[in-house]
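Following: one structure in C-alpha cells, then a few remarks.
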Amino acid sequence: MGQPWPPLLLLLWGCGAGGQQGTQPFSIRIEGDVTLGGLFPVHARGPAGVPCGEVKKEKGIHRMEAMLYALDQINADPQLLPNLTLGARILDTCSRDTYALEQSLTFVQALIQKDTSDVHCADGRPPLLTRPERVVAVVGASASSVSIMVANVLRLFAIPQISYASTAPELSDNNRYDYFSRVVPPDSYQAQAMLDVVKALGWNYVSTLASEGNYGESGVEAFVQISREAGGVCIAQSMKIPREPRAGEFDKLIKRLMETPNARGIIIFANEDDIKRVLEATRRANLTGHFLWVGSDSWGSKISPILRQEEVAEGAVTILPKRASIEGFDQYFTSRSLENNRRNIWFAEFWEDDFKCKLTRPGAQPEEATRKCTVPGGWAWGADSQDGTGVGLGQARLAGGCGAGVTGTDRAVSSPPCSHPTGSAGTPVMFNENGDAPGRYDIFQYQLTNTTVPGYKAIGQWTEYLRLNIEEMQWSRGQQDIPSSVCSLPCGPGERKKMVKGVPCCWHCELCDGYQYQLDEFTCETCPFDMRPSPNRTACRPTPIVKLEWSSPWAVLPVCLAMAGILSTTFVVVTFVRHNNTPIVRASGRELSYVLLTGIFLIYAITFLMIAEPGVVVCAARRLFLGLGMALSYSALLTKTNRIYRIFEQGKKAVTPPRFISPTSQLAITFSLSAVQLVGTLAWLGALPPHSVIDYEEQRVPNPEAARGVLKCDMSDLSLICCLGYSLLLMVTCTVYAIKARGVPETFNEAKPIGFTMYTTCIVWLAFVPIFFGTAQSAEKIYIQTTTLTVSMSLSASVSLGMLYVPKVYVIIFHPEQNVAKRKRSFKAAATAVSASTRLSQKGSERQNGADAALAGK
C-alpha cells in the first residue's frame, strides 16, 4: 500500500501536462453530502519492515461491512436524514498505531490552510488543486493504542471520534480526549467483571498477560489495581508481550508462567494475534489443559484466535460487551460477492483468504499450485464468517446519534433531540459524562467436549454485578469440577497459616503441635493445664481422670500379698490366743508379740488404703497408718533385741539384772517409741489437712491422646519418705542391736531369728529405694510407685511373720510335745552360763592359735 503524501506535496496533484498524480492511500470512498471517516484493522500487523500482514476477517472486514450496511440503511431512510446523504472515507489501520496515524492525516487535510502562492507547475501555470472532502466525524478505531494516537490529532481539529471497540481506561479522561466517545465500556468495568469471575470460581492466585500498548497495559493495570483494592486475589506474575516479539518470545513467556505453576488462571489482555501465538506456544510446551484462560473483549467470541488451537483454548472464559443481532444484516452480509461488492477494495483479498484460492488478475501469472477462484453470482457464507457481525453493525450504526448535530460542508444537519436514542437493534444508546458506554457484558466459555455444537457458550452476564451459571461450565476434557488456581490450599483442621511475606494469598500450613489447639486461622494456643486438644485440634477437651483401679494388674499382686498376709497374721494371733499360757507363747514375750503382730497386721492393711480411691478420709488414713504399722513392729523388735543385748551384757559384769526388762517396762518402751510416729503424724494432719488432688503433670506425655490426670492424695514423694523415715530409723537401729547380740547362745534367746529378720528387711528396703525414685519421671509413676511401696511393706511384714512366728506356730500345732515347760534358770545361772561359754570360746581360740603356731614351726 502507498504511503500518504505530505500536505505540501498534495499541491502537485492538480498540475497539467507532464504532471503525475500522487498515490493516495488505499481507502474506500463513498460520495455523500457529509463524509464520515472510518478506521478498521482490515489487515493484521505485518512482520518487521512490512506495515501490513494477513487480512483480518472478524475485526476488520466484518466490522467494516457493518458500517457500510449502516450507511446504506441511513441513506435509504428518508425520515432519518431528509435531503442528506452520508458518505464515507474508510482506511485500513493494519493493527499498528503509527501506520494508522499516517493514514488518518487524510481526515484533516481539508482543514489545513495551504499557501499556494509560490507553487507553480513546470510550464509555469498555476496548479489545479482538488479540494479534499471534509470529514466531519470518525468511526473507529478498534485497538485502544490506535484510537489514542488518532484522537490526539483529531482533537486539534475538533473532529468528533466514536470508537466501537477501544476500551482502554485512559480514554475516559475527558480533559485529554474531549472529542472522543465510545459505544463500549472502558476496561475498568471489564477488569471488575473479570475479577468477579475469578472470585466466583474460587481462584485467588493468577497471572496477567498483556500486549504492549495502551489496551493491554491499561487493562492489566486496571485489573491489578481493582484486585488490590478489593483484596482476595494476588498477582503471581505480570508479563508483557512486546510489540515486535522476537523468535521464541512466546515460548519464553510460557516458561516464565510455569515458574508459578499454582497460578493456573491467566488474565489476558492481548490482541487476537498475540492470543493465537500464546495458545500455539502453550501447545508446543505440551501444557494443554494446564492454563485457565480468562480473556478480555479482544478475545470475546472470535474464532480466529483459537483456530486450530481449540484444545488449548478449551474452558477459556471470555468477556464481550453486550450485543444484539441486527435484523437484515445477515442477509446483506451473506449476499456479498465480487460482483455486487466492488466498493470494498479489500473484498477480493478477503475472498481469496476465505476460500483458500487465487483470483486471476490481468497481467498476473497464476501459480500452478494454487486453486483458482470461481466467481459465482451469489454465495452462502459459513457460520465463521458471521461471527462478530452483530457487534460491528451495532457499533457502527451508532455513529449516528442525537444531540447537537453534525456540521457538513455546506449545511448543518441536526438530529432530533433525545435523552437515550434507541439503536437499530432496539437497545438504548447511552454515554456517561466521560463519553463511555455503561458496563454491560456477556460472559462466554469455549466448550469443546460433551456438547453438540463446540464453540462459545454464554454462561452469564455482568451489569454492575456478576450473574454466572457455574453448573453450565465445563473445563478441559469435559471436566465439570472447577479447577483450582490458588497459591496455597486451605489449611486443615488444627493447622495455622504462616503467611508468606509480601504475598497475602500464599501461606504455609503449620500443625498445632503438643498441647496446642487452633484458636483462629493464624494462631495456635496452648490448652489449659487440665485440658488437652481435641483429635482435630480445633478445641480443647477435659483430660480424663485416672486412678489405680482394683482391677488393674498393678493392684492384683499387692492385694494378693496383703490378703495372704492378713489371713496368716490372723491365724498366728488366733493360735497365740488359744495357746496363750503355753510355754512357747509365754517364752516369746506375749505382750510384745501381740504388739508386733498388730503392727504386721497394719502393714498388710495399708495396701488397701493405698489402692482405694483418694478422698479426705482415705488420705488421712494413709498418713496415719502408713508409718504407724512399721513403727509398732520395729519398736517392738527394737525393744526385744535391746532387752536381750542388755541382759547378756550385764551378765558379763555382774549377777544383778539390768533395769526395765519386765513386760510392763517393755510395753512402755515400745509405746513410747511408737508415740513419736503417732504424734508427728497428728501434727502433720493438723497443720496440713489432707485432701485429694488431680495431678495433670504426672502423665502429661508428648502425645496428648495419652495424657491423663491422676487422682491422688496430696502426698509428695518427699513427704512419703519422711512419713516412713522414722520407721526406717527404728529398723536400722534394731539391725544394729541384732548384730551386737549375734554372739548370745541360741538356746537362751531368739536374737538370731531377729537378726535374720532385720538383715532380710534391710535388703528389701534397699531394693525399694532405687525402684521408687528411679520411676519418678515415668508416665506410669503412680502405678509403679504404689505397687513397689505396698509390695515392699508386705514383704518386710512377711519376713517378720515368717521368721519369728511361723516356727512357733508350727511347734504349737504339729509338735505339741515340745511345747512343755523346762527347768527355770535364774538370772545368776544364766549369767554364769554366758560367762562359761565366753571363756570356752576364748580357750578354743587360743588352742587353735597354738596349733597353728606349732604347725608353722615344723
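Keep in mind that what you see is a predicted model, and the values were worked out from it rather than measured.
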NZ/NE/NH1/NH2 to OD/OE distance under 4.0 Å, [X] and [Y]:
X: Glu170; Y: Arg176; answer: yes
X: Arg45; Y: Asp273; answer: no
X: Glu65; Y: Arg336; answer: no

Going by atom types only, do [X] and [Y] share a side-chain donor-acceptor pair under 3.5 Å?
X: Asp77; Y: Gln73; answer: no
X: Lys276; Y: Gln309; answer: no
X: Glu133; Y: Thr35; answer: no

Taking the side chain from [X] and the backbone from [Y], do they hold a donor-acceptor pair closer than 3.5 Å?
X: Gln103; Y: Thr93; result: no
X: Ser211; Y: Ile241; result: no
X: Asn340; Y: Ser337; result: yes
X: Gln190; Y: Asp297; result: yes

ask   = For the side-chain hydrogen bond (donor to acceptor under 3.5 Å, both in side chains) test, which of Ser163, Ser172, Ser147 pairs with Arg182?
value = Ser172

inquiry  = Taking side chain to side chain contact (heavy atoms under 4.5 Å, CB included) as the criterion, tell me which of Lys57, Met64, Arg63, Lys56 meets it with Val42.
reply    = Met64

